[in-house]
Each structure stands twice: as C-alpha cells, then as structure tokens.
Number of protein chains: 2
Amino acid sequence: MKADDAVVIRGLRLFHEARDETFADLIEAGFLQRFPPGVLLIQESDRADFLHVVVEGLVEIFATTAGRETTMDLIRPVGVFILAPVLSEQAYLQSARTLEKSRILMIPAEKVRRSMTLDPSFMRAIVIELAHGYRRVIKDLKNHKLRTGTERLANWLIHNEIDQGRQGFVDIPFEKRVLASRLGMTPENLSRAFAALRSHGVKVKGIRIEITEPEGLARFALPNALIDAPEGHLSIQS
Amino acid sequence: MKADDAVVIRGLRLFHEARDETFADLIEAGFLQRFPPGVLLIQESDRADFLHVVVEGLVEIFATTAGRETTMDLIRPVGVFILAPVLSEQAYLQSARTLEKSRILMIPAEKVRRSMTLDPSFMRAIVIELAHGYRRVIKDLKNHKLRTGTERLANWLIHNEIDQGRQGFVDIPFEKRVLASRLGMTPENLSRAFAALRSHGVKVKGIRIEITEPEGLARFALPNALIDAPEGHLSIQS
DNA sequence: AGACCTCCTTGACCTAGATCAGTTATCGGA
DNA sequence: TCCGATAACTGATCTAGGTCAAGGAGGTCT
C-alpha cells in the first residue's frame, strides 16, 4: 500500500483515534486490491470475514429477497462498509458490488475484533461509528415510512445541492437507475418524480439537475433535520 | 428499586458483563418511575439525557414528520431503548410513549458514557448491543423496501407464532392499529391484508389469529432469515 | 461518421395502498 | 345490564407506484 493511502485511511473517524501500533497492525494485516466495475465483493448470508474500506471508486450496498433487489447505500472513498457483522461475528445482511473500478482495503474481521479488545480508544471509535451508522439507517427508515418517492427525491436534491457547493444544481454521481433504487423506486417512477418536480423549480438536463427555485422546492419537500441532516459520517453519502 | 428488579435488569445483555461496581453505579444514579398509558417519555429532537429501560409495561417508539406519524418499534420488559444518541451525545431521532401503564428506569446519559469509559467490559457489551440494534433496523428497512404490506404481515405472523410457542395461533399483544403502524400501513389496510391471507390459511378471531396452514402461509410469505430472524435482542420484539 | 448499445423517458395500464364514510364489534364504566 | 366511546371492519373512490412496451438520447467502438 502506498503511504499516502494509509494517511487518508488514518483520517477516517474509525481509525483516527486508534493507537499508532493498532493502526499499523490493522493496515499490515489488510490487503489492498483493485477491482473492475460490477464485481461482487460481499454476498449476503456469507460469514463476515473482512472489514472493507473503499479507497477509490464506488461501491453499492444492496439487498435481495424473493428475486427482488434494492440499493441500501452507496459508499465513496474514503468509507468503511458493513462494520456491524464483523464485530458480532455474524453473517452479512447486505451484499456489496463495485459500480466503478475501485481499490478496496480488506482487513480480516478477527484482526479488527482483537484490536478492539487491545485498544480502548479504538473500541471507543467503534462505538461512535456504530452509533452513527445506526442513526443513519433509522433516518432512512423514517424517510421511507413517512414520505412518498417524489418527496424523498426532492429532499435528496436539496441535501446534495448543498453538498456539492450550493451552485444551484446537482450532478447525479451515478446512474439514475441506481438513484432510483437507493430512493426505493423504479427508474420509470424516478423520471415521473422529476417531471412532477418541474412545477417546483427543478429542471433535468441529463445528469445535471438544475434547481431554479430552492425555496419552492423546500416548501414541497419539507426537509427535516431528523431525517435529512447527514449523520457525522465516514463516507461521502449518497 | 426492588432488589428483584435489579436482578432482572442485570440479566440484560447490555449490563450482564459489566463489573459489579459499574452496574451498582448505574442503578444508583438511575431512578425508577411509574407512568400511566399515553405518556410521552421522549420527544424527538430533544437532547438525549437518559438511557431508558422498560421494567414493566409497553413502550412505543415512533417518529413523525410533516404531520405524519409511524411506529418504529415496540419495547416490552426488559428492554433498553434509544441507546445510540445517548452515546454520541446527540438528539433523539425518535419519540417514545407508554402504551400501557409502565415502570421505566431512567439512567443519566452522562453516567452511561462515563461508565463506558471506566469499564471496558461494559463498553464491549455496548458494541455488541449497538451492532445488534443496527442490524435490526437494516432488517426492517429491507422488509419495507423489498416487500408489500401483506407480505410483511404474513412474515410477522410466522415469526410471532413461533415466538408464542408454536401453538398454531398468534395473539396480537397490542391494538391492531399499532401493529398496522409498525408494519407501515393504515388500520384499514391491515384488515384487508388479513382478508387477503384467508386464502393462505389465516383466520382472524378478534385478537387471536389462527394459522391453519403454516406451510401455505410460508409459501406466500417466503420468510428470509436475513430479514425475519430475530437479532440477538434485549427486548421481546414486536 | 455511422452503427450499436445501453440508459433514460414517456404513455398505457394495472396493482398496492390511502382516504373517506358508514357500520359493526368490543370494552369499560355507570 | 345498558350505554357510550373507541376500535375494527367493509365498501367506494382516489392516489402512489409498478409493469409493460415503445421511442429517443447519449455514449462507445470500429
């Protein structure tokens, strides 16, 4: 692994407060690997053998049942994913695949658990990270139970316009079908949701979505900090 | 607090492995209070000041936005609720109210955080508890994104029939409107979902739901361990 | 540049679910 | 035991969202 990669990974909240030797130990035990797009990294129901860190690229966390599939999350560098089953020695509940060519650091689960036992400051960081991840999923569940698809899209746009620097537009950083699945709808329905938002000052220009009337959009979306505000996070959120 | 209450609470996974003095300290700092039904215990967006333990009764965890409301969870004795914001010193994302008359132990958040710092075995239990809670919400989100309301009901019945001792029926342990909200549907729709399950061997007799053809119901429900299997849990789940 | 491929969009149609209204069942208290 | 209040059920209607099919727009490779 290149030294500057290690520096970036060390910047993650999860590793930042760990002792030097804990961090060195974890990096030492892990291996960095390159993957082309579309590679299945994790299969749900498999035993959690590794903690994964996205160093470069884009990873989709998804779940399936009865032939259906949905996107649970999207992880950009530098982000850790699927921490919980690594800690409780359980099976993964979600699968993961690369959407772009990516570099992934894989740290053996056993090593993570042992480091946690040996280094209280690392364990402390794990507590904070788990608590934040927990809260993010709760927000997502609220989003789904309390809002329609079009409202979820409107709030996603508001949140991402801010994230991308308040320039009055949002560039969707992956395929629209992926966004649709992340928001819990079909691609067809996403198109219609965009059409419905036209009357609230939203213009679709390919990948770029222009927001001409932020106040009008907010009036429709009714953003709520307890759903939409980003949880202190490891990864650039979707 | 009565001594036998303390024994039961000590039995919780969260407290079981804590040192004796840690546990004594937490119990000492906490206070046990009685509430009639319908009392708001926690208001979302309030700062997390206490960790709550349901010693007796029934507590509903719910969330609201834009005038809508949904049930996020139901906590029966002995169960802890809303641990995450207590640890990361944040606002509650969910509200809580009693549904029955209840006894609740409230432990100051600051005390929980300090005990965690002082007692690694307690912190370790917190990691496990958080990881399990995290996984439970992920299962719930999968349940909602991947299934219809009727399918969620069918799987809820299968799971609860087993929980209640495989007697061929399920007694709904709260009002049906609460179940409806927990499953993310209206009371009207829950009635229709029950009607739809008649052809799969489900008979409604008031509070008691008879399951005459478990195999037929399972064929319709397609239960999935990665959604329906109970996570190692503190509380009797809903 | 042209051909091809994939993604996105749009329309028609259908199903799932919400809402509204009216009725029936259930439970607690006088 | 009756009464009133609340919960539950049922039907009619409407909206949200999924499915199917076709057309259009944007890339990439030769």
Side-chain angles (χ1 to χ4, degrees), chain A residues 36-38 58 60 65-71 99-101 143-156 170-200 202-209 220-221, chain B residues 36-38 58 60 65-71 99-101 143-156 170-200 202-209 220-221:
Chain A
L58 174 63
E60 177 189 22
T65 200
R68 288 163 242 180
E69 177 179 322
T70 190
T71 303
L99 290 187
E100 305 173 354
K101 88 185 151 91
N143 203 18
H144 274 85
K145 288 187 81 176
L146 291 166
R147 286 181 174 151
T148 66
T150 307
E151 289 168 340
R152 288 194 296 275
L153 173 59
N155 281 292
W156 185 90
V170 177
D171 287 340
I172 303 179
F174 26 72
E175 287 174 356
K176 284 192 185 142
R177 55 199 312 235
V178 174
L179 175 60
S181 181
R182 174 73 244 260
L183 294 175
M185 52 176 113
T186 57
E188 294 95 325
N189 232 309
L190 179 66
S191 282
R192 285 181 197 110
F194 272 124
L197 291 181
R198 266 200 290 264
S199 56
H200 300 282
V202 173
K203 278 202 191 97
V204 179
K205 305 233 167 127
I207 207 181
R208 174 160 296 184
I209 315 298
F220 170 80
Chain B
L58 174 62
E60 176 189 22
T65 200
R68 288 163 241 180
E69 178 179 321
T70 190
T71 303
L99 291 186
E100 304 173 354
K101 88 183 150 90
N143 203 17
H144 274 85
K145 288 188 82 176
L146 293 166
R147 285 181 174 152
T148 66
T150 307
E151 288 168 341
R152 289 195 294 275
L153 173 60
N155 281 292
W156 185 90
V170 178
D171 288 340
I172 303 179
F174 27 71
E175 288 174 355
K176 284 193 186 140
R177 53 197 315 233
V178 174
L179 175 60
S181 181
R182 175 73 244 260
L183 294 176
M185 51 176 115
T186 57
E188 294 95 324
N189 232 310
L190 178 66
S191 281
R192 287 183 193 108
F194 272 124
L197 291 181
R198 265 200 292 264
S199 56
H200 300 282
V202 172
K203 279 203 189 95
V204 179
K205 304 233 168 124
I207 207 181
R208 175 160 296 183
I209 315 299
F220 169 80

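All chains are named by letter (A, B, ...) in the order of the sequence lines, taking the proteins before the strands, and each is independently numbered beginning at 1. If you're wondering where the values come from, they're calculated on a predicted model, not measured in any experiment.
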Engineer: Quick one: CZ on A:Phe174 to CD1 on A:Ile207, what's the gap to the nearest 0.5 Å?
Structural biologist: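 Reported to 0.5 Å precision, the distance equals 10.0 Å.
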Engineer: Rounded to whole angstroms, how far apart are NZ on B:Lys205 and P on D:dC9?
Structural biologist: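 Roughly 14 Å, once rounded to whole Å.
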Engineer: Specify the angle, to 10°, made by the local axes at the two ends of the helix from C:dT9-D:dA22 to C:dA30-D:dT1 when five pairs are taken at each end.
Structural biologist: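 It works out to 40° between the end axes.
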Engineer: Take the protein atom CZ of B:Arg208 and the nucleotide atom P of C:dT26, then report the distance between them rounded to whole Å.
Structural biologist: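 Distance check: B:Arg208 CZ to C:dT26 P gives 15 Å.
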Engineer: Test of understanding: with side-chain contact (heavy atoms from CB on, under 4.5 Å), list the residues that count as partners of A:Glu151, not counting sequence neighbours.
Structural biologist: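 Scan of A:Glu151 (side-chain contact (heavy atoms from CB on, under 4.5 Å), adjacent residues dropped) gives A:Arg147, A:Thr148, A:Phe220, B:Arg68.
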Engineer: Among all residues two or more places apart in sequence or in another chain, which pass the side-chain hydrogen bond (donor to acceptor under 3.5 Å, both in side chains) test with A:Ser191?
Structural biologist: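 With neighbours one apart ignored, the set is empty.
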Engineer: Tell me whether the OP1 or OP2 atom of D:dG17 has a side-chain N or O from A:Thr186 closer than 4.0 Å.
Structural biologist: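 It does not, given that no N or O in the side chain of A:Thr186 lies less than 4.0 Å from OP1 or OP2 of D:dG17.
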Engineer: Over how many whole Å does the gap from A:Arg147 atom CZ to C:dG17 atom P extend?
Structural biologist: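 It is 21 Å, rounded to the nearest whole Å.
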Engineer: Starting at CG of B:Leu153 and ending at C1' of D:dA8, how long is that distance when rounded to a whole Å?
Structural biologist: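 Atom CG in B:Leu153 sits about 15 Å away from atom C1' in D:dA8.
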Engineer: B:Ile207 has an atom CD1; how far is it from atom C1' of C:dA25, in whole Å?
Structural biologist: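 Those two atoms, CD1 and C1', are 14 Å apart.
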Engineer: Among B:Thr71, B:Thr70, B:Thr65, whose side-chain hydrogen bond (donor to acceptor under 3.5 Å, both in side chains) with A:Lys145 holds?
Structural biologist: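 For A:Lys145, the side-chain hydrogen bond (donor to acceptor under 3.5 Å, both in side chains) test succeeds with only one of B:Thr71, B:Thr70, B:Thr65, which is B:Thr70.
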Engineer: Shortest non-hydrogen contact from A:Leu153 to A:Ala193?
Structural biologist: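 That would be CD2-CB, 3.7 Å.
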Engineer: What is the distance from CE of B:Met185 to P of C:dA16, rounded to the nearest Å?
Structural biologist: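 For the pair B:Met185 CE and C:dA16 P, the rounded distance is 13 Å.
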Engineer: Starting at NZ of B:Lys145 and ending at P of D:dG17, how long is that distance when rounded to a whole Å?
Structural biologist: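 Rounded to the whole Å, the gap is 13 Å.
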Engineer: Report the residues that fulfil side-chain hydrogen bond (donor to acceptor under 3.5 Å, both in side chains) with A:Thr150, sequence neighbours left out, ordered by chain and then residue number.
Structural biologist: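 Per chain and number, A:Thr150 pairs via side-chain hydrogen bond (donor to acceptor under 3.5 Å, both in side chains) with no residue.
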Engineer: Quick one: which residue pairs count as a side chain to side chain donor-acceptor pair (under 3.5 Å) with a foot in residues 171-180 of chain B, not counting sequence neighbours?
Structural biologist: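 Of all non-adjacent pairs touching residues 171-180 of chain B, those that pass side chain to side chain donor-acceptor pair (under 3.5 Å) are B:Asp171-B:Arg208.
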Engineer: For the residue pair A:Pro37 and A:Leu99, what are the closest heavy atoms and their distance?
Structural biologist: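 A:Pro37 and A:Leu99 have their closest heavy atoms at CB-O, 3.6 Å.
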Engineer: Can you pull every protein N or O that's under 3.5 Å from an N or O on nucleotides 7-12 of chain C?
Structural biologist:
from, atom 1, to, atom 2, distance (Å)
C:dC8, OP1, A:Lys176, N, 2.6
C:dC8, OP2, A:Arg177, N, 3.3
C:dT9, OP1, A:Lys176, NZ, 2.8
C:dT9, OP2, A:Ser191, OG, 2.8
C:dT9, O5', A:Ser191, OG, 3.2
C:dG11, N7, A:Arg192, NH2, 3.0
C:dG11, O6, A:Arg192, NH2, 2.9
C:dA12, N6, A:Arg192, NH2, 3.1

Engineer: Could you check B:Arg152 against B:His144 for side chain to side chain contact (heavy atoms under 4.5 Å, CB included), going step by step and ending with a plain yes or no?
Structural biologist: CA-CA 8 Å; B:Arg152 289 195 294 275; B:His144 274 85; 3.8 Å; yes
Engineer: Separation of B:Glu151 atom CD from C:dA16 atom C1', in whole Å?
Structural biologist: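 Value for this atom pair: 11 Å.
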